[in-house]
Amino acid sequence: RKLNVGAVLEGGVRKADQKVRITAQLVNTVTGYQLWSQTFDRDLGDILSLQTEIAAHVASALRVVLLGQETQRLTDGGTENPEAFDYFLRARKAYREDLEQDSLQSARSLFDHAIDSDPEYALAWAHRAEVLALLAAYWSGNDTQERDELQRLALASANRAIEIAPTSGQAYASLATVLSFAGLDFIAIEAAYRRGIHFEPGNASLLLDYARLAADLGRPEALATASRAVTLNPLNPTAHSGKGGVLLYLRRFDEARAAFDEALRLRDDGIARNWRGVVEIASGRPAAALPYCEKDKHAWFGQYCLAIAYQQLGRTSEAAAMLKQLHSENGDSLAYQYAQIHAQWGRKAEALKWLATAAELRDSGLSDVKVDPLLDPIRKDPAFGRIVTSLGFPE
């Protein structure tokens, strides 16, 4: 009921030496009756191709007609190598649990192993691209050479995924993610997302990422798209966080709080905690932000949140210490965040200076500049408008 599904596939696996028996049945969740059941006896080496066979049988039982391209999409971008698949699953788990540096580095290594086992594994290439982009964005600090190299590798990995599987929606989603972190080519980013949705309209992660971009661009479908992603994957904390971000940019703070609270209920995560703190700051409640931001003092996203909250609470020396630490550890790579901090501190000239620096560096944070509530104190300044115009947002 929570997942809003009409049927459940259940079954069991028994293994003897190199033989495997899989029993599967499709059950109507309303009536409890079987829609279909079957037993499969195979060699262990055929286990992944058997997944495709079962998927086809289930689709038939649901009276879904699979023709041509749709049949290919059951396997497009995947692998028939069990070792590669195992590495892939462990890698995906590592970086979806949190975005800490150790988790991302572990995921990168595991995706590399998956690709070594099957060089044509497009989904491994695609998710590897996202991990590299996240490492560049969050954990390269002020080492611009490392950041540029990680971004170059991420783009090459995403393009390789598309080359192998040109009808994989996930491959285009990963390309869009890489482009989002690597620069401000909004037209290319939006085109990649739309291409991905064309191939996989039911991909909740893809819809969620597009919803965030749609909010940045002022597209009216942003919230509906984020809500659709939550409907498709209601037990995924990332879905609720993504919706919370869209609601934050729409200044619907109470609803944003509820979305981030649900995300944190499902999984405690540093990035989601930071966003929850930002909601409190944006709605004028800096004291309420502290419990969320202080848990991540070691990370830049916790530090920038605290720099704002401490200043607004009159703890100016602590706020200054936070900003100093941010700059010493990250250099100009957090130019956009410095603009947010100074805007919230009431230092308009300093905020605009850092925003201009962010524009020169093509800081990926600028994708939020048109809707970010933390920049509201400088939004009406003519210099702000000139910077936004220079970024070339599409109509």
Side-chain angles (χ1 to χ4, degrees), residues 1-8 29-30 62 64 73 92 96-99 130 168-170 172-177 179-181 186 189-283 292 367-374 376 393-395:
R1 188 175 296 111
K2 288 182 179 179
L3 290 170
N4 193 32
V5 299
V8 171
T29 59
V30 177
L62 287 171
V64 176
R73 286 181 198 162
R92 192 172 61 174
R96 286 190 172 179
E97 286 190 337
D98 62 62
L99 298 181
E130 293 186 8
S168 167
Q170 181 57 55
Y172 287 99
S174 296
L175 174 62
T177 297
L179 292 172
S180 297
F181 282 118
F186 300 109
I189 296 167
E190 186 173 24
Y193 277 132
R194 289 187 179 278
R195 188 72 170 156
I197 292 171
H198 170 74
F199 290 120
E200 294 183 24
N203 184 323
S205 296
L206 175 51
L207 290 172
L208 197 63
D209 290 339
Y210 174 69
R212 173 68 180 272
L213 176 70
D216 286 339
L217 300 181
R219 300 284 189 252
E221 70 268 23
L223 183 55
T225 304
S227 298
R228 172 65 175 157
V230 171
T231 298
L232 288 168
N233 208 351
L235 302 184
N236 184 345
T238 304
H240 293 278
S241 289
K243 184 178 179 181
V246 172
L247 289 164
L248 170 65
Y249 291 149
L250 292 173
R251 311 310 196 263
R252 294 165 64 164
F253 298 127
D254 287 341
E255 293 170 85
R257 284 188 188 94
F260 284 117
D261 285 344
E262 180 63 12
L264 291 169
R265 185 188 70 80
L266 292 167
R267 183 182 69 214
D268 190 29
D269 173 75
I271 298 292
R273 278 198 305 273
N274 169 70
W275 279 105
R276 181 63 175 81
V278 169
V279 172
E280 298 298 356
I281 289 172
S283 57
Y292 300 102
S367 60
D368 298 336
V369 70
K370 292 178 67 176
V371 292
D372 186 351
L374 298 187
D376 284 353
F393 280 92
E395 295 297 328

Sidechain-backbone polar pair: Thr225 side chain, Ala214 backbone, donor-acceptor under 3.5 Å: no
Any donor-acceptor N/O pair, His240 side chain to Val230 backbone, under 3.5 Å: no
Can you measure from [atom1] ([X]) to [atom2] ([Y]) and round to the nearest 0.5 angstrom?
X	Y	atom1	atom2	answer
Leu223	Leu247	CG	CG	5.5 Å
Ser283	Arg252	OG	CZ	15.0 Å
Phe181	Ile189	CZ	CD1	10.5 Å
Leu179	Leu213	CG	CG	11.0 Å
Tyr292	Arg276	OH	CZ	3.5 Å
Arg267	Asn236	CZ	CG	7.0 Å

Are [X] and [Y] packed together at the side-chain level, in the sense that at least one heavy-atom pair is separated by less than 4.5 angstrom?
X	Y	value
Leu217	Pro394	yes
Ile197	Asn203	no
Pro373	Leu248	yes
Arg219	Glu190	yes
Tyr172	Tyr193	no
Phe260	Ser241	yes

Flag the pair [X] and [Y] as a salt bridge only when some basic side-chain nitrogen lies within less than 4.0 angstrom of an acidic carboxylate oxygen.
X	Y	value
Arg194	Glu221	yes
Asp254	Arg257	yes
Asp216	Lys370	no
Asp376	Arg251	yes
Lys243	Glu255	no

Tyr249 versus Asp372, side-chain donor and acceptor atoms under 3.5 Å: no
Ile281 vs Leu374, side-chain contact (heavy atoms from CB on, under 4.5 Å): CA-CA, chis, key distance, verdict: CA-CA 8 Å; Ile281 289 172; Leu374 298 187; 3.8 Å; yes
Aromatic ring pairing Phe186/Phe393, orientation class (parallel under 30°, perpendicular over 60°, tilted between): parallel
If I compare all heavy atoms of [X] with all of [Y], which pair ends up nearest, and what's the gap?
X	Y	value
Ala211	Val246	O-CG2, 3.8 Å
Leu266	Pro234	CD1-O, 4.0 Å
Leu206	Gly169	CD2-O, 4.0 Å
Glu200	Ser168	OE2-C, 3.8 Å
Ala192	Ala176	CB-CB, 3.7 Å
Pro201	Leu207	O-CD1, 3.6 Å

